J.: 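The structure is given below, and queries will be raised subsequently.
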Number of protein chains: 2
Amino acid sequence: MRISELSRRSAVPTATIKFYLREGLLPPGRPTAATQAEYDETHIRRLRLIRALVGVRGLSVSAAKEVLDAVSSVKTDTHGLLGLVFGIWPASAARESGGPRVVGEPARPTGEADGTDDTSDTYAVDALVSAMGWQITEHSPARQAITQTLHTLRSLGVEYGWEDLLPYAELAARTAVLDLDQLEGQDDPLDKAERAVLLTFLLEPALLALRRLAQEAESAARHTD
Amino acid sequence: MRISELSRRSAVPTATIKFYLREGLLPPGRPTAATQAEYDETHIRRLRLIRALVGVRGLSVSAAKEVLDAVSSVKTDTHGLLGLVFGIWPASAARESGGPRVVGEPARPTGEADGTDDTSDTYAVDALVSAMGWQITEHSPARQAITQTLHTLRSLGVEYGWEDLLPYAELAARTAVLDLDQLEGQDDPLDKAERAVLLTFLLEPALLALRRLAQEAESAARHTD
DNA sequence: TAATATGGATAGTGTCACTCTCCAACTATG
DNA sequence: CATAGTTGGAGAGTGACACTATCCATATTA
């Protein structure tokens, strides 16, 4: 099929499809002439995946590209596959770790305005990880996210340590078991990778939503007793 | 203190402070003259909270305003407080529920391009909620987020129903118990509201990060067996 | 062969979170 | 009390981002 049919069938405007092609999110079609190319079902599928990651999950286009590249890079190496997928962190983390997105300002010299240090939180996360008995890559972006959260909470005067996160970590471990179980069926490494991506990224908003619902229910339950 | 000291102590540029004042995120200082106002510790605290919600959690400024307004609106009404806080959904959900953010396009008539319907997923979420025995407001934004996720997964050819979310919901329920426990100490309703906001919103990235770490660990564990 | 569609490149748009510039009204200093 | 530096407030400007629109030299279709 050509681009207009691809557009119609995927409900993505042709201009946007061209944009995704340019950004390398969508692989080019098979060229049949100088100004003609042929697309197939895989392109429709890929487009839906892109829209899901960007639109539903809210990933930036560049983050989505990272994710998709990781999925495509899976040839036969079933081994590092999941580590690769699980190691990807949405690009928004970049602006998180560097503080609020600053554009023009030449990094004002006054670093921490309140004297709190970040290093102690790094050790706290190490303690948490080893308390759970987890084998984790040294420089996982997820580690930084937790460090950041602990640091922020502390700077806001909330007493919060890694011990407080431990019970959450236990629940996260069980969540991970569920997640991995969902991948058992898939034999084709590419399908497995795609499913891992979908269940990891697309489930994130749903899991947060479940927490909210549960909070509301728990709050109601405690108030009516 | 005046704005320059507030800026120095909070590490937020004065221009940005002025912006937050204009947007209503930060309450105005006590005016001492036509072009002079006095700020205090509460403003520093509020600034840190804003930066945490916007910078760390990644809320939009308008979403942060909603959150902050909700916290401030708590006078003595300890009752609906938590429901109010838990019911807030980041503004990004708005663009999620409406599909990818479309700006110029006049809403192309071709609705669902692949024929899948959204209504069935709405019932699925109802089933999930009642299976958990949760008492939830009818039009909670969190419901929509889950509906959306189920719908997206289905449109991508992944067989996924509310039954698959049930075990996650059980874990979410336990998470909520932890969350609510953390609020028990606070007696002052305003402190309680602020703590609820912090632990709900700021913990979200950390919880997702914990899942990633747990996934990596679980994946490693399964592969070395 | 004329009307329409396509791939590719370039430029433009709307939104967002700031950031900069002005200016009249202060305040601190000599 | 003169003057240099600071404010609050308003409005315009900026850079990043995710598209979206316009061109144009082919290609295809009627």
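Numbers restart at 1 for each chain; the letters A, B, ... are given by sequence-line order, proteins then strands. These figures come from a predicted structure and were not determined experimentally.
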J.: Given atom NZ of B/K65 and atom P of C/dC16, what is their separation to the nearest angstrom?
T.: 15 Å
J.: So, A/R46 and A/S72: side-chain donor and acceptor under 3.5 Å apart, yes or no?
T.: yes
J.: Does a side-chain N or O of B/Y20 approach OP1 or OP2 of C/dC18 to a distance below 4.0 Å, or not?
T.: yes
J.: Could you tell me whether the phosphate oxygens of D/dG8, OP1 or OP2, come under 4.0 Å of any side-chain nitrogen or oxygen in B/Y39?
T.: yes
J.: Looking at C/dA17, D/dT7, D/dT28, which one has an atom nearest to any side-chain atom of B/T35?
T.: D/dT7
J.: For B/K18 and C/dC23, give me the distance from atom NZ to atom C1', rounded to whole Å.
T.: 11 Å
J.: Could you tell me if B/Q186 and B/D191 have a donor-acceptor pair between their side chains, going purely by distance under 3.5 Å?
T.: no
J.: For B/I3 and D/dG8, what is the distance between atoms CD1 and C1' respectively, to the nearest whole Å?
T.: 7 Å
J.: When you check the gap from the basic side-chain N to the acidic O, do B/R30 and B/D40 get nearer than 4.0 Å?
T.: no
J.: Would you mind telling me which residue lines up with the more 5' stretch of DNA chain D, A/A15 or B/A33, judged by nearest nucleotide?
T.: B/A33
J.: Report the nucleotide, chosen from C/dC18, D/dA18, D/dT7, that has the shortest atom-to-atom distance to any side-chain atom of B/T16.
T.: C/dC18
J.: CG of B/L53 versus P of C/dA17: gap in Å, rounded?
T.: 13 Å
J.: In terms of side-chain heavy atoms of A/F19, which of C/dG7, D/dA18, D/dG8 is nearest?
T.: D/dA18
J.: Measure CD1/A/I17 against P/D/dT20 and give the value in whole Å, please.
T.: 12 Å
J.: Judged by each residue's nearest nucleotide on DNA chain C, which is more toward the 5′ side, A/A37 or A/R22?
T.: A/A37
J.: Between atom CD in A/E23 and atom P in D/dA18, what is the gap in whole Å?
T.: 9 Å
J.: Do A/E5 and A/Y39 have side-chain atoms, one donor and one acceptor, less than 3.5 Å apart?
T.: no
J.: Indicate whether OP1 or OP2 belonging to C/dT6 is found under 4.0 Å from a side-chain N or O atom of A/S4.
T.: yes
J.: Report the distance from atom CD of B/E5 to atom P of D/dG8, rounded to the nearest whole Å.
T.: 12 Å
J.: What nucleotide, of D/dT26, C/dT27, D/dG9, holds the atom closest to the side chain of B/R2?
T.: C/dT27
J.: Provide, to the nearest angstrom, the distance between the CZ atom belonging to A/R30 and the C1' atom belonging to C/dT6.
T.: 15 Å
J.: Among side-chain atoms of B/Y168 and A/R211, is any donor-acceptor pair under 3.5 angstrom?
T.: no
